[in-house]
Structure formats: C-alpha cells, structure tokens
Engineer: 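My structure is below; once you've seen it, I'll send some questions.
Each chain gets a letter, A, B and so on, in the order its sequence line appears, and its residues count up from 1. No experiment lies behind these values; they were computed from the predicted model shown.
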Protein chains: 2
Amino acid sequence: MAATIKDIKDMTGLSLATISKYLNGGNLLPENREKIEKAIEELHYEVNEMARGLVTSQSKVIGVVVFNIANVFTCTLLRFLGERFREAGYASMICDSQNDEQVEADNIRFLMGKKVDGLIVIPVGRTPEFLEPALRADIPIVLLDRSLKGSGFDCVMVDNRTASYQAVEMLCSYGHRRIAIIGSESEFTGRERLEGCLQLLKKEKIDIPPEYLKLGLHSIEHGYRSMQELLQLEVPPTAVFMGNFEIILGAVMALNESAFQCPADISLIGFDDLIISNLSNPRLTLVVQPLQDLADRAADLLLRRLEEGRGAPRAEDGQQQVMENEELILPALIVEGDSIKRCSE
Amino acid sequence: MAATIKDIKDMTGLSLATISKYLNGGNLLPENREKIEKAIEELHYEVNEMARGLVTSQSKVIGVVVFNIANVFTCTLLRFLGERFREAGYASMICDSQNDEQVEADNIRFLMGKKVDGLIVIPVGRTPEFLEPALRADIPIVLLDRSLKGSGFDCVMVDNRTASYQAVEMLCSYGHRRIAIIGSESEFTGRERLEGCLQLLKKEKIDIPPEYLKLGLHSIEHGYRSMQELLQLEVPPTAVFMGNFEIILGAVMALNESAFQCPADISLIGFDDLIISNLSNPRLTLVVQPLQDLADRAADLLLRRLEEGRGAPRAEDGQQQVMENEELILPALIVEGDSIKRCSE
DNA sequence: TACACAGAGCGAAACGTTTCGCGCTCGCAA
DNA sequence: TTGCGAGCGCGAAACGTTTCGCTCTGTGTA
C-alpha cells in the first residue's frame, strides 16, 4: 500500500542505490535530487524503518524500562528522556514493570525481541540478573535513579544520602531533636534517604524512637496515614522528614486537616520532584531533585555509548577496549522555605 | 552477533521453513520440536521482529500519542493501555505532544515511519488534519478521552457533560445558589465539563458572576490560586465545582491554609482520576472517571479493528465494506463523601 | 593528445524472517 | 499388495532497504 523506494525508481528512472544515497544524505546532481524530491512529495513516501533496520541492524529505538509508570516522578523523567532521544533520531519504547521483578524481566526479554539499540532502566529490585538478555545482546545500558548490586553498570542517580543527611542536619541546626521520618525501606531511593537521615541522627547522638519511624511505600496514602499517626502521639515530633513527593502530598493533607500548624507546631522538610514548592503556605523547605539533569545526563550517556559502539568496537592495537563504567551522582538542592522554625524545647 | 534462525538450522539440520513453522505454532514431529527447543535454549535465540515485520508487514507496535505525558491522568491510562496491548502481543510506542499541535503532527509522521499497526490518540487540538498521514496509511485510529471535529473516528470518552451537570445538580439540591467553577476552557474535557455545569445553572436559572468563573489550565497552580481568590471575595461562593484532579489538589491546599472549613463554610465537588477520595477529611464528594474502563475499551476497540483489517478487508460480495465508526461514551460515577452541606442562605 | 582522477550512477547481494506450493513418507483401508 | 491421503518437511521467492565495488562521464593536467 505505502510507497516504496521502488515506486520512486519507477517514477524517476533512477536506480535504487541512487535513491538510497539521497535518503542518507549523499551527493547527487541537483537535477536528480529534484526529481526524487518531487516523487517523494507526490507519493507521500516515508522510509520503512523496519527494512532499514534489518540491513543496518539498528532499530533506532531505545527501550525504557521503569519501575512504575503511574507516578509523577517517572512521567517527568519520561518526558525529558523522550525529548532527548527524539532529537537524536531515536524513538523510545516504554515498558512499565509495575513494581514487579517478574514483569521487569519479561520487559527486558520483550525489548530484546524488538531489537532496541539501547536501554534505560529504572530498576525494581536490587540485583542485576534480569538484565542478562540485554548483556548478552551487548547493547549499552544506563541505569537511572537506582543502581544495582555488583555494579559495573553505567548509572546516573541523585545523591540521596547526602541530600537527606543535609536535610536532617538543617532540622537539627534549628534545634530540633524530636525528629520523625516518613519514608520507605522497600524502594532503593527510600533506603538511601533513610540511611542519610540515620547517619546524621547518629552523629548528633539523637535517638529515634520506633513510633517516629514510619516506613511504607512512597505513596500519598502512606504519607497521609503516617502523619495522622504522628500527630496523635502523646509526644509528637517537633519536625518531620518526608521521603518523596507523594508522601509530602499525603502528609500535608493530614496536617492541614489537623489542629497543628506548620511551622508553629511542627517543622517540615521533604524530598520533592515538582512544583509543590511554589504553592503551599507556608512555603515548604524542600530537597529538590534535578529531574531534567537526571534525564539529560542519562540520555546523553546512552547516546554516547551508542556512538562509541558504532565507531570503534576495537582499539587501534587490536585489543578489546574495556570500557570503564561511568557513575554520575548528581547533587540535590535544598530550597529553603518557611516550614522550619527554631525549636525552643 | 545474535543468533538467527539460520544458526538453528545449522544446529538441528532442519530447514528454515520448518523452524519458522515451529516459531509460529505449526505442527511438527515431537522429535524435531525438541531439537529446536534445545537449540533455541542454547543459542538464546529470539525472533528478530524487524525481519518478521518486514515480511508480514506488521510491526506489532501500536503508537500512543498523548497530549501531555507528565500528569497522573495520562500516566494511569498509559499503564492500562500498555498492559492490554502487551497481552495481545503488541508493544506500545508512546509519544508526548507536550500540548503542542506542531509536536503532535510530528509525532504522527514519526510513528508512520516506524510503521505502527495502529494508533491511540489523546489529541491536543480540535481539528483532525494532523492525522492525515495515518489516514493515508490506512491504519486504525482510536481517539481517547477527546474527540475531533467532523468525527468519523472511533472514539472512547467519558460523558463529561452529563457528569458535571449532575455534579452541579447535586450542589443545587443541597440548596446552593452561589456556586463557583474552577475549570479550563483551553482543554477539550474542560470545555465539556464547563458546558455541563452552565447548562444546569441555566436550567436552574442561577446566574454565575464572572468572579465565580475561574478558567485556566488543568493544573495544581490554577486550582490553588483560584481557590485563594474565591475565598478572598467579599461574597465568597458557598460551593465550588473543581474541574480535574490537579485543580482539586491545588484548591484543597489553598482551602486548608485558609480559615474556611469544608463543608461548614464551603461545599466542594470535583472531577477526580484517582485515590484522593480515600484520603481527605472530610471525604470529598467526587465525580470519578472510569480510567481502567476507558483504557480497556479503547484498547479492545483498536485490537478489534486490527483483527478486522487482517481478517476480511472486503465483504463477501466483493464490495468494499464501509465500517461504521464507533463512539463509546462512558458514564462517570458520582461518589458521595461529606464535603457538601445543606445551604441555609 | 593522452592520462589520471573525481564524481555520480548502477547492479547485485545481503539482512532475517515468512509463506507458497511441491514432494516425501507412513499408515490404513480396500 | 496396491492406492490414497494426511502430515511433515523443504526450497525458493519475497519483503524494502543499504552497501560494495564497478562503470561511465567529464574535467584538469602533463
């Protein structure tokens, strides 16, 4: 149905090779160039990427496997990644692992069948076995936001540990000692952030009683319930660290429905992905993740690997070049608002 | 690098045709079947979908073009769509139009080059020109959540008009007459919802003063600012209709920061996509959109079209079968909470 | 005038599958 | 014993590109 290069051949009288040359930016006589352009216009010709891919063995598709697509963090990254890849001539094929390692493994296999040229992965679990089919296919892989055991992978992530360390440090510097944490132990970034917090608390010799440690999912629900419970304690905390965007959302809702005021009665700091900073009143003090940067760096790294792969698979001396894996750890930024008050107790 | 059918041929001594038959579920001697399975296992063979696609002229990829990927509504739909398509053996290739009609048109062209088998589109604008390349390629298209001028397209959407009509009707039935609307005129669903509201207000002979009509984007920001402004009016409304999830989020934040109480001082009803219903206190009365249903119906419709296309392109009598386009309008559900109070004024 | 060389076009093979139509074998019935 | 048909397997063509190496033309140089 659709026009092919052959139709253009018939229309212009030129050979397939010449037309292909045109499509790939070669030199032709202006006269022939015009003929081809006219034919393309008239026939609405579009290159069949499947045929092209078959012979070049490049699909010009990048697989993106995310731990969970239905949240703001992921979607925002997807937007930035998609833009970047498109500019470079690649499509992205997105697969949602739904927080399930089994699904994740299926996704990788699936994408291998589709012959993707490279892979961006925000992994669900902590071990890298599921990537085996991709390693075997020898395509570049960049991990995003979370790393995997054993390393050896290219990876772009946020320095969660330092950022949460500093966040809690800030609470302490305002005199707080009764500090609660709403976070997650079941997600990679949650664990990192938790460790950062605990590390500082340890250094400051502050004990955190179990009822101040609210671990669950990175969800609105967990944030909401946890904050409710914290406020109902006999001795509620004077400050709360909130582990991600959804938790903030839930926690702030719970707080607003209570009699407590921020920052008068309780101080807040949280890990954010987005715009909430502009909104709430008082403005929240936030750890802001560099989402655009995160996505851009990951995309650039992958594109560079693809370039390298095509360019020189072997070093000049004939020896196999062993590539160093690159691990980029981006700092998060603490944006001060008015949600932390000096603690007098 | 990767194993091909040819390697299996060499390993088993069988012919390409036989192996292909195996891959496509044909009958073979158990003995040969075993040989092939063993070879596949050992060589880690995976079908090269590009080669397959070239000959079957099916890419087994569905293009999904969304008006804006970075929001909860879209992401949730994407999750459901993706699941459905995967089950049916299709991958989805997602393109974000970023609310820009130019980008949207590019997306369609791009996907045509990728030879997608079908298209799900949540369109940005109101006119269908941008779909022309897809129409020319004669692949099935299903519009989701928003329709286009001139129709003739398959389409699955929510009955926004009736739902918002009923929502405001409910406010009225509680005695409210000073009703404000926070919504959008720049988005298709926003317009539909607005019309539903206005229709009921007209029927009830209720005037809506301009300062009660807050039109902007479907964003947290717009919700937040609008609610702030409403509450600062000399004569604030006694009830507010909120046009979507993000608007609710912002509006509720603003409300919680104010001295106003819901439902004592102000009643609320809003269009939701998600879980907020379970959380806020008092529980919001909500118009809940059937997201799963929306996605499933759209996916099923598209898959059916793909089936039809392959099965019988022509009717038995040899005449071209003109397919009726299908327009599914799903009802939204009003879930009662405690956010509406009888109005005594 | 002869020669070399650059630039442009061409034919054919290759990429990894599917599919069509033919031929072989085997078992069963007459 | 012969004949027949079902069930498997096979060879070859086809899908729409790219690419390699060849030929041809025309220009500039010795």
Engineer: Among all residues two or more places apart in sequence or in another chain, which pass the salt bridge (charged side-chain N to carboxylate O under 4.0 Å, His left out) test with B:Asp10?
Structural biologist: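 B:Asp10 satisfies salt bridge (charged side-chain N to carboxylate O under 4.0 Å, His left out) with no residue once adjacent residues are dropped.
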
Engineer: A:Asp96: what forms a salt bridge (charged side-chain N to carboxylate O under 4.0 Å, His left out) with it, not counting sequence neighbours?
Structural biologist: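 With neighbours one apart ignored, the set is B:Arg79.
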
Engineer: Going by the rule side-chain contact (heavy atoms from CB on, under 4.5 Å), which residues pair with B:Met50 if we only count those two or more places apart in sequence or in a different chain?
Structural biologist: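 Only A:Ser59, A:Lys115, B:Asn48 meet the side-chain contact (heavy atoms from CB on, under 4.5 Å) criterion with B:Met50.
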
Engineer: I'd like to check the salt bridge (charged side-chain N to carboxylate O under 4.0 Å, His left out) partners of B:Glu46; sequence neighbours left out, ordered by chain and number.
Structural biologist: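 In terms of salt bridge (charged side-chain N to carboxylate O under 4.0 Å, His left out), with neighbours along the sequence ignored, B:Glu46 is linked to no residue.
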
Engineer: What residues from residues 45-55 of chain A pass a heavy-atom cutoff of under 4.0 Å to DNA chain C?
Structural biologist: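 Only A:Leu54, A:Val55 qualify.
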
Engineer: Can you list, by residue number, the residues of residues 106-119 of chain B that have a non-hydrogen atom closer than 4.0 angstrom to DNA chain D?
Structural biologist: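 Result for residues 106-119 of chain B: none.
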
Engineer: Given D:dT18, is OP1 or OP2 found less than 4.0 Å from the side-chain N or O atoms of A:Ser20?
Structural biologist: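 Yes, such a contact exists.
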
Engineer: In whole angstrom, give the distance that lies between atom CG of B:Leu16 and atom C1' of D:dC8.
Structural biologist: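 Whole-Å distance recorded here is 16 Å.
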
Engineer: Salt bridge (charged side-chain N to carboxylate O under 4.0 Å, His left out) with A:Glu187: which residues, sequence neighbours excluded?
Structural biologist: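 Listed in chain order: A:Arg146.
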
Engineer: Please give, in whole Å, the distance from C:dA6 P to A:Leu29 CG?
Structural biologist: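 Result: 18 Å.
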
Engineer: Taking only residues two or more places apart in sequence, or in another chain, which ones meet B:Glu129 in a side-chain hydrogen bond (donor to acceptor under 3.5 Å, both in side chains)?
Structural biologist: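 Listed in chain order: B:Thr127.
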
Engineer: Apply disulfide (SG to SG under 2.5 Å) to B:Cys75 and list each qualifying residue two or more places apart in sequence or on a separate chain.
Structural biologist: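 A:Cys75.
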
